[in-house]
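See structure below.
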Amino acid sequence: MNEERKTPEVRAQMTDIERLRHSASHVLATAILKIWPEAQFAAGPPVENGFYYDVDLPHRISPDDFEKIEAEMKKEIKANHPFERMEVSRDEALALGKKGRLAALSERHEPSRYKLDIIENIPPDEKISLYRNGDFIDLCAGPHVMRTGNIGAFKLTNVASAYYKGDEKNPQLQRVYGTAFKTKKELDDYFAMLEEAKKRDHRKLGRELELFVFDDDVGPGLPMFLPRGAVIAEELEKLAKETEFAAGYQRVRTPHIARDKLYKKSGHLPYYAGSMFPPMILREEDDQEVARKIEREIAELERQRFELELNSGSAMFHAKEESGEESRSAEVQKIIDVSKFKHEIDAKIECKRKQLEELGDRYYLKAMNCPHHHKLFAAVPRSYRDLPLRLAEYGTDYRYEKSGELFGLMRVRSLQMNDAHVYCTPEQFEAEFNAVNEMYLKYFKLFGIDKYLMRFSTHDPSKLGQKFVDEPELWKQTEEMTRRVLKDSGIDYVEVPNEAAFYGPKIDVQVWSVIGREFSIATNQVDFAQPRNFDLRYKDRDNIDKIPICIHRAPLGTHERFIGFLIEHYAGNFPLWLSPEQVRILTIGDEPKLIEYARSILSELRAHQVRAEIDESSDKINGKVQRAEQMKVHTMFVIGKRDMEADAVSVRVHGKGNLGAKPGADAIAEILLSIKERRP
RNA sequence: GCCGGCAUAGCUCAGCUGGUAGAGCAGCUGAUUUGUAAUCAGCAGGUCGUCGGUUCGAAUCCGACUGCCGGCUCCA
């Protein structure tokens, strides 16, 4: 995380547990130095569930080393050294750093290079402080616990790599993670909680509950939904369609691919190309021939270049060998000529390659639905009377996420988005924007999502033209407008710079996966750039053509991520309306009459579109119950002779146990009502 | 993409320092006729991720690739 520097005031607000963990990270560094004195340390802060310290060390630390490191840490804790704070001048700090004394047990031959860099970045007016425990002295703003002995219980958890200051261009450091608590009990509870969390991991539940799969032959990041998972997607779609219809949206449908022209216009090609799959190139017969000709020409040029390369090699050789002044300068001249030729040939090759590229049509898989929707807006002349125009589609997009970024269903390469684009006038913006936010809140209430964070992402002026469309004025205006509406609506949000979409600021709703990763689950973006690029217009009251504002919104995010999130949120125990298998009928025995009765209940349920199954196997009732419970089937109708004779069913609900017998008609009516109302 | 780790049956996992594969569950077949978290028996199932190397011999050692996992970076 490369966030701006924490001010000393912010640091002073560290909670007790953060202070303890921060101290634990110093103890970790102390221990590592006892074993590897040459270790270079960068940063070692407390984090959400523990702490880490980034270390640069030739030895690759592995979990096998943890025991050894922990033993040293225990010694340091047992020694109960006080954490002493020392304020020093910038020069003193630099001098210590140069002697390798920072984040070290003693002076060393190598300077403390990361610490020196950190000192450079401390604002001139800020005090520089060091902390000492035992022999270990570290550049550190604090605060810490009083003594190392105050660190109650700790454990190293894993080691991973991290770029220095989170920048890909910087060296990779080893990040050793650990966690610490005041007491052993809290530590144990934490690990027990982690174990529980692992059971909710959507990747594990997805396999166990047969919701979705990945297949190597299909490709990484390309999930396929099994019937039980597809059901959830369809229920979400049903929900979205109903909600959006009521809110005045209209549904559209668009293809999954488009010509490069479209994405050049939208700005995706310059700004979003890195996230798009490479294009498919379509060439007609004529083009094919031209392409072959160009390819031959390129091959010929490359051959010439190769020969030149050989010549220049021998020229170089001669220039060294020949001792005569004149002949040497002649050879030098030759070298210069050769390199000039080479450049010329390279330029020609480059040019031919370009020609080759431009031959035929290039189609891209769509990474977003907006360009297609803009075309639909433009397809019909629009008047101010048509606005706001809300075009909705559960569109399928393909994004080339880097391999290391893929994560179960939460981060994939094919995704279906609860997408819609709202085209409106500036006067309508506020109402539309708020309506979208209200839709989020409505959904969150339905799903019982109460832990989330609204992030308002704005642009970074220094990245105009690279990451963000180069329209400084429009950025400013749009961000101000959005900020004002956000403030007026009273929604709690945090503002994060440099994370806007390339075409405008956005509001994301961030949630956390069971594993503690954060994800944007819903999004709402304001687009001032694309409507211009697409020359979208509507005829206003005053008979003048005007450009609409576009709001991109996806309250349910994508099926993939939302379902992944829901699996963890419900721990696989979906409410009835979402449950892949809503009712399973378990018969006690398989006498023909009983089976007949059970099947009549099944048909009745199915006639009402209830996802019901029947288990007619020869297992004992205990076995049938066990299997239904394991698959987290929402409701079980246990049907034996007794029930048949009373025209009843015995109802069992997953997680709630046996609820007793009930007239069949009543049980079915209750099921239908719960589904219809989408009860939690 | 980068750093590190891992890859044995559909799933969960055994298989010691190289001597050519094993369990439970799931599946299939049969028996059992059941009252709320596993009835019994039998059968079948694997080119040990792929390719290459070392070796008389490789699931086991080495290398490359692919995929997954933990992070970093990036995102719905």
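Below, read A as the first sequence line, B as the second, and so on, with proteins coming before strands; counting in each chain starts at 1. Please read all numbers here as calculations on a predicted model, not as lab measurements.
- A salt bridge links A:D54 with A:R175: at least one charged nitrogen is closer than 4.0 Å to a carboxylate oxygen.
- Counting non-hydrogen atoms under 4.0 angstrom, A:D619 reaches a base of the nucleic acid.
- Tested against A:F212, the residues A:M224, A:H202, A:R207 include a single side-chain contact (heavy atoms from CB on, under 4.5 Å) partner, A:H202.
- Base contact: A:D590 has a heavy atom under 4.0 Å from a base atom.
- Between A:R411 and the phosphate of B:C74, there is no side-chain N or O to OP1/OP2 separation shorter than 4.0 Å.
- Here B:C74 is the nucleotide among B:U36, B:G67, B:C74 with the atom lying nearest to any side-chain atom of A:E405.
- We find that CG of A:D217 is positioned 11 Å from C1' of B:G67, with the value rounded to whole Å.
- Rounded to a whole angstrom, the distance from the C1' atom of B:G49 to that of B:U29 is 33 Å.
- Counting non-hydrogen atoms under 4.0 angstrom, A:T587 reaches nothing in the nucleic acid.
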Working for side-chain contact (heavy atoms from CB on, under 4.5 Å), residues A:L556 and A:I521: CA-CA 7 Å; A:L556 295 175; A:I521 201 157; over 6 Å; no
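- A donor and an acceptor atom never sit less than 3.5 Å apart when one is taken from the side chain of A:S618 and the other from the base of B:U33.
- Side-chain to base pairing of A:R561 with B:C75: one donor and one acceptor N or O lie within less than 3.5 Å of each other.
- For A:R399, the listed nucleotide lying nearest its side chain is B:A76; candidates were B:C72, B:A76, B:U34.
- Only the P atoms considered, B:A21 is 30 Å distant from B:G5, to the nearest whole Å.
- For the P atoms, the distance from B:A7 to B:C62 is 12 Å, rounded to whole Å.
- Looking at the side chain of A:K506, the nearest of the listed nucleotides B:A37, B:C75, B:G35 is B:C75.
- Base engagement by A:R642 is indicated by at least one non-hydrogen atom pair under 4.0 Å involving a base atom.
- Taking atom C1' in both B:C13 and B:G46, one finds a spacing of 15 Å when rounded to whole Å.
- Judged by atom type and distance alone, A:R652 reaches the base of B:A37 through a side-chain donor-acceptor pair under 3.5 Å.
- Atom name P, nucleotides B:G53 and B:U17: the rounded distance is 25 Å, in whole Å.
- Judged by distance alone with a 3.5 Å cut-off, a donor-acceptor contact links the side chain of A:Y163 to the base of B:G1.
- Here the C1' atom of nucleotide B:C74 and the NZ atom of A:K467 are 9 Å apart, to the nearest Å.
- B:G71 and B:G24 have their C1' atoms separated by 34 Å, given to the nearest Å.
- Evaluation of atom-type donor-acceptor distances gives no pair under 3.5 Å for the side chain of A:S161 against the base of B:G4.
- A side chain to side chain donor-acceptor pair (under 3.5 Å) with A:Y503 is found for exactly one of A:Q530, A:Q525, A:H268, namely A:Q525.
- In summary, A:K632 and A:E208 do not engage in a salt bridge, as defined by a charged side-chain N under 4.0 Å from a carboxylate O.
- A straight line from CZ of A:F407 to P of B:C74 spans 18 Å, rounded to a whole angstrom.
- Separation of the P atoms belonging to B:U73 and B:G10 is 38 Å when rounded to the nearest angstrom.
- Among A:Y452, A:F562, A:F565, the one residue that satisfies the ring-ring contact (aromatic ring centres under 6.0 Å, His included) test with A:F447 is A:F562.
- Heavy atoms of A:K641 sit under 4.0 angstrom from at least one base atom.
- Nucleic acid contact for A:T558: base, since at least one base atom lies under 4.0 Å from a heavy atom of the residue.
- As judged by a 4.0 angstrom heavy-atom cut-off over every strand, A:G623 is placed among residues touching the sugar-phosphate backbone only.
- Under 3.5 Å, the side chain of A:R175 and the base of B:C3 form no donor-acceptor pair of N or O atoms.
- Between A:E616 and A:R599, at least one side-chain N (NZ, or NE/NH1/NH2) sits under 4.0 Å from a carboxylate O, which counts as a salt bridge.
- Of the two residues contacting RNA chain B, namely A:K402 and A:G219, the nearest-nucleotide position lying further toward the 5' end is that of A:K402.
- Looking at heavy-atom distances under 4.0 Å, A:Q416 makes no contact with the nucleic acid at all.
- The side chain of A:N622 contributes an N or O atom lying less than 4.0 Å from OP1 or OP2 of B:A37.
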Sub-3.5 Å pairs of nitrogen or oxygen atoms, protein against nucleotides 7-14 of chain B:
unit_1, atom_1, unit_2, atom_2, d
B:U12, OP1, A:R207, NH2, 3.2

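- Nucleic acid contact for A:D643: base, since at least one base atom lies under 4.0 Å from a heavy atom of the residue.
- The interatomic distance linking A:M410 (CE) with B:C68 (P) rounds to 16 Å, in whole Å.
- Separating the C1' atom of B:A59 from that of B:U47 is a span of 12 Å, rounded to the nearest Å.
- Look at A:E235 and A:K238 and you find a salt bridge, because one of the NZ, NE, NH1 or NH2 atoms lies within 4.0 Å of a carboxylate O, short of that distance.
- Look at A:Q525 and you'll find a side-chain N or O under 4.0 angstrom from OP1 or OP2 of B:A76.
- Look at A:D508 and A:K506 and you find a salt bridge, because one of the NZ, NE, NH1 or NH2 atoms lies within 4.0 Å of a carboxylate O, short of that distance.
- Residue A:S403 places its side chain closer to B:G1 than to any other of B:G1, B:U39, B:C75.
- If you check every strand for non-hydrogen atoms under 4.0 Å, A:L415 touches a base.
- Closest to the A:Q630 side chain, of the nucleotides B:A38, B:A76, B:G35, is B:A38.
- At a threshold of 4.0 angstrom between heavy atoms, the contacts of A:F562 with the nucleic acid are absent.
- Using a 4.0 Å heavy-atom cutoff across all strands shown, A:N158 reaches sugar-phosphate atoms only and no base atom.
- In this structure, A:E568 does not pair ionically with A:R200, as no charged nitrogen and carboxylate oxygen lie closer than 4.0 Å.
- Nucleic acid contact for A:I61: none, since no nucleic acid atom lies under 4.0 Å from a heavy atom of the residue.
- Base pairing in RNA chain B gives the following stems of 3 or more Watson-Crick or G-U pairs, range against range and under 3.5 Å: B:1-7 with B:66-72, B:10-13 with B:22-25, B:27-31 with B:39-43, B:49-53 with B:61-65.
- For a distance-only test at 3.5 Å, the side chain of A:Q172 fails to qualify as a donor-acceptor partner of the base of B:C72.
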